[in-house]
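Okay, structure first, notes after.
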Amino acid sequence: EASSSSSSGSSSSSGNDSARRARCRMLGVVCAASLAGCMIGLAMAFPFQTHGAVVVAPPRGVLGLDLVTSRPVDECLSANGFKGRVLLPAEAAYHESLRHNFKSQGVAGSKPMVVAEVVDVADVQRAVRCAKETGLKVCARSGGGSFTGASRCSADPAMMLDLYQLKKLSYNTVSGTVKLQFGLTLGQVLAGVDSQSSGQATLPVGLCSGIGVGGFLLGGGMGPLDSMAGLLCDRLQEVQMVTASGELVKATKHERPDVLWAACGGGGQALGVVVSATLNTFPTSKIGNSICLRVSFDEHRAPEVFDVWQSLVQHKSHLRFEICARTGKVNIWGCVWQRGLHDLKSFSSRGNVSRSDDVGNISGTDVLEDLGFRLSETVRQHAGAKLEFLMQFNRFIDAQKFLGPEGRWGIQKAAASDEAALVNNQWYFARQQDTRSEKTMLTGPLSPWSNGFRRMMDLCGRGPGDGGWGVCTIIPVGRAVGRRASDETAFYWRSARHSIEFTAGDTGTEASRRQWAHDVYHALKDKKLGTYVNYPDAELRDYPREYWGGNYRRLQELKAAYDASRTFDSPQAIDPRCPSCSMNISDWLRAPSQHQQQQGRLQIQQVPEALDNDSSAKATKSSSVQSSDSDRASSDLVMI
């Protein structure tokens with residue numbers, strides 16, 4: 001009956017919808033009465049808690065208490081003039097909403113009691129107040145791009161705020177700033193700024209156009225322009241945030257500067273629900289024309305090719321090193337800014353210098369040397385270099401599309417229009433992570449001759465054991481990222497050289513791709529500095545140090561000041577109490593009653609000031625995080 005009513009309810013009129021909700025409430029009353037005896041028995045077995053009008057049971061899924069816990073929230077939202085849709089677990093639209101996440105399956109403890117689709121900032125305030133009144137935690141979803149499905153909330157009963165309808169964007173031609181709301185995707189932001197500035201300005205966003213700008217920005221925001229422009233969050237001038245009390249506050253460099261500090265790397269669920277931001281844009285005149293290319297090499301020469309790639313000082317470029325399983329090849333691909341094909345000696349004899357559809361007669365090694373690579377004789381003569389793509393783009397937005405999914409990650413020119421590729425892609429990445437496994441890390445310089453690197457290359461070349469695909473991508477961190485001190489913003493890992501992703505998909509079994517990703521990851525683990533908070537990893541035992549390093553203590557102080565009760569929560573949240581944290585999400589989920597008895601706060605061992613005894617971890621202390629200019633001279637590369 002519940003299934004039938006949810007099916008019809010998704011397309012019924014508002015009158016029928018109200019009647020259906022009334023019937024569901026009556027059913028809830030009947031069920032509550034029928035289960036009274038059972039609940040008394042459960043209370044003896046499990047430590048129930050009361051939050052206002054909501055009865056919360058720590059063991060999720062026990063007899064399905066959704067009707068009991070969701071009803072007061074629904075009533076509160078309606079009474080307070082909430083204008084957006086309110087989706088309850090009995091409705092088909094609720095389950096469809098959860099599937100909009102990049103990862104929608106196997107997200108333990110992440111099923112909110114209610115989804116509130118806000119239509120304006122006042123709706124966010126109403127929803128937060130109602131969540132507080134009814135004892136629910138709050139999580140917010142900008143685009144649903146979290147690797148771990150974190151925007152689907154923590155293990156505690158929670159309300160998910162879906163921000164996707166907050167899409168205002170306004171470019172100021174005088175100041176060169178843009179104010180944008182957090183329901184926009186990266187593609188929509190790019191297209192909007194390009195249109196309103198007549199192509200004169202852009203923002204340094206990442207390659208995945210369907211990702212929400214909110215979480216991307218708050219986690220730092222690395223992208224192909226960060227060699228010149230730094231992180232996206234480095235361009236922040238102002239944020240507007242709804243606090244745990246439902247108040248809308250503004251943060252600038254002069255007003256609540258601590259909130260602005262936390263908004264640059266603190267992550268999406270840090271202190272409150274950030275609903276909009278004002279940023280300095282980046283002039284496209286500093287990008288100019290772009291040369292985009294892909295060159296492949298024989299896999300057995302991977303160490304030599306990587307050595308050449310890592311030694312290049314990428315001042316104005318975004319070139320990646322990639323190994324695709326079972327292809328026998330390694331690739332260097334990406335774009336170089338402020339260059340045209342006419343600048344290449346290897347191409348200057350050709351008549352048409354705006355495009356190259358036939359690159360078969362052009363030497364890949366010659367092109368790389370024209371771009372500043374110093375190739376060894378081994379790479380030049382014996383690495384089997386092949387130029388697979390070469391093209392000039394006169395608009396940065398076209399180069400960005402080539403680098404992203406519209407260009408198949410640097411394989412072809414994107415055929416889709418700006419509208420199709422960037423604007424109409426709200427749920428482009430929905431559910432893709434359900435068939436993938438991924439591990440990531442931030443590292444310093446890597447030796448291609450080390451046993452760990454060779455082990456990684458071997459595993460990357462072979463791929464997962466039962467088929468599917470595997471890709472290992474080493475992405476250089478832009479030089480402008482390291483121009484700020486590690487404690488200047490919440491983004492700590494300013495000294496990182498590389499961001500590395502190990503991704504497997506479409507394998508015969510989940511176990512196979514997980515095993516492969518873990519094996520590759522552990523081959524280089526001793527070189528790891530930390531983890532980019534926008535690439536969350538549910539298996540990290542010491543996630544505070546991994547994400548925020550020496551900045552975690554200050555984030556805890558701010559959490560205690562703005563959200564001491566952890567209204568805004570996630571499985572890897574900032575704890576307002578403990579001096580440092582170290583807990584695996586699986587530990588949190590295995591013993592929910594224990595943690596709820598501690599007011600939802602984690603009781604975790606204190607990590608010593610030295611963090612740990614590993615030499616790579618010692619290098620991450622705030623006193624030694626930043627490399628000297630001479631050290632950095634050979635490491636100024638670019639990132640995702």
Side-chain angles (χ1 to χ4, degrees), residues 117-125 140-145 151 161-223 225-226 229-242 248-253 259-260 262-268 270 272-284 396-397 400 404 418-419 421-428 489 534:
E117 295 183 343
V118 302
V119 298
D120 55 25
V121 174
D123 258 1
V124 177
Q125 295 177 269
R141 180 172 69 187
S142 174
S151 59
L161 302 186
D162 198 338
L163 309 181
Y164 80 94
Q165 296 185 72
L166 303 185
K167 292 192 181 296
K168 292 181 180 179
L169 184 149
S170 177
Y171 174 73
N172 188 315
T173 57
V174 177
S175 64
T177 59
V178 61
K179 182 174 182 179
L180 52 88
Q181 290 187 321
F182 277 17
L184 292 158
T185 65
L186 300 186
Q188 291 163 356
V189 168
L190 273 180
V193 173
D194 185 74
S195 174
Q196 292 190 27
S197 70
S198 300
Q200 300 303 303
T202 191
L203 283 174
V205 301
L207 304 185
C208 302
S209 55
I211 297 298
V213 70
F216 177 83
L217 168 63
L218 297 175
M222 297 188 282
L225 290 180
D226 61 12
L231 301 173
L232 179 62
C233 72
D234 289 338
R235 314 191 74 76
L236 272 173
Q237 297 298 303
E238 176 186 308
V239 296
Q240 290 191 325
M241 181 182 80
V242 175
L248 180 65
V249 300
K250 180 175 71 173
T252 67
K253 294 179 181 178
V259 173
L260 196 69
C264 187
V273 179
V274 181
V275 293
S276 67
T278 300
L279 305 100
N280 288 326
T281 58
F282 190 76
T284 54
F396 165 69
I397 207 167
Q400 177 89 6
D418 293 353
E419 184 80 12
L422 303 177
V423 179
N424 301 331
N425 61 354
Q426 180 68 45
W427 309 120
Y428 180 89
T489 70
N534 278 352

### Task
Could you pull out all residues at least two apart from Thr278 that satisfy side chain to side chain donor-acceptor pair (under 3.5 Å)?
none
Less than 4.5 Å apart, side chain to side chain, heavy atoms only: is that true for [X] and [Y]?
X	Y	result
Leu279	Leu180	yes
Val178	Asn172	no
Asn280	Gln237	yes
Leu236	Leu217	yes
Asp234	Cys264	yes

Check: residues 199-215 side-chain donor-acceptor pairs under 3.5 Å, at least two apart:
unit_1: Gln200; atom_1: NE2; unit_2: Ser198; atom_2: O; d: 3.4
unit_1: Ser209; atom_1: OG; unit_2: Glu406; atom_2: OE2; d: 2.6
unit_1: Ser209; atom_1: OG; unit_2: Asn425; atom_2: ND2; d: 3.0

### Query
If you round to the nearest 0.5 Å, how far is CZ of Phe282 from CZ of Phe396?
9.0 Å
Do you know the tightest heavy-atom contact between [X] and [Y]?
X	Y	result
Tyr171	Thr281	CE1-OG1, 3.8 Å
Ala263	Val239	CB-CG1, 4.1 Å
Gln125	Leu248	NE2-N, 3.6 Å
Val118	Gln165	O-CB, 3.6 Å

### Query
Which of these passes side chain to side chain contact (heavy atoms under 4.5 Å, CB included) with Gln181: Leu163, Val121, Leu169?
Val121
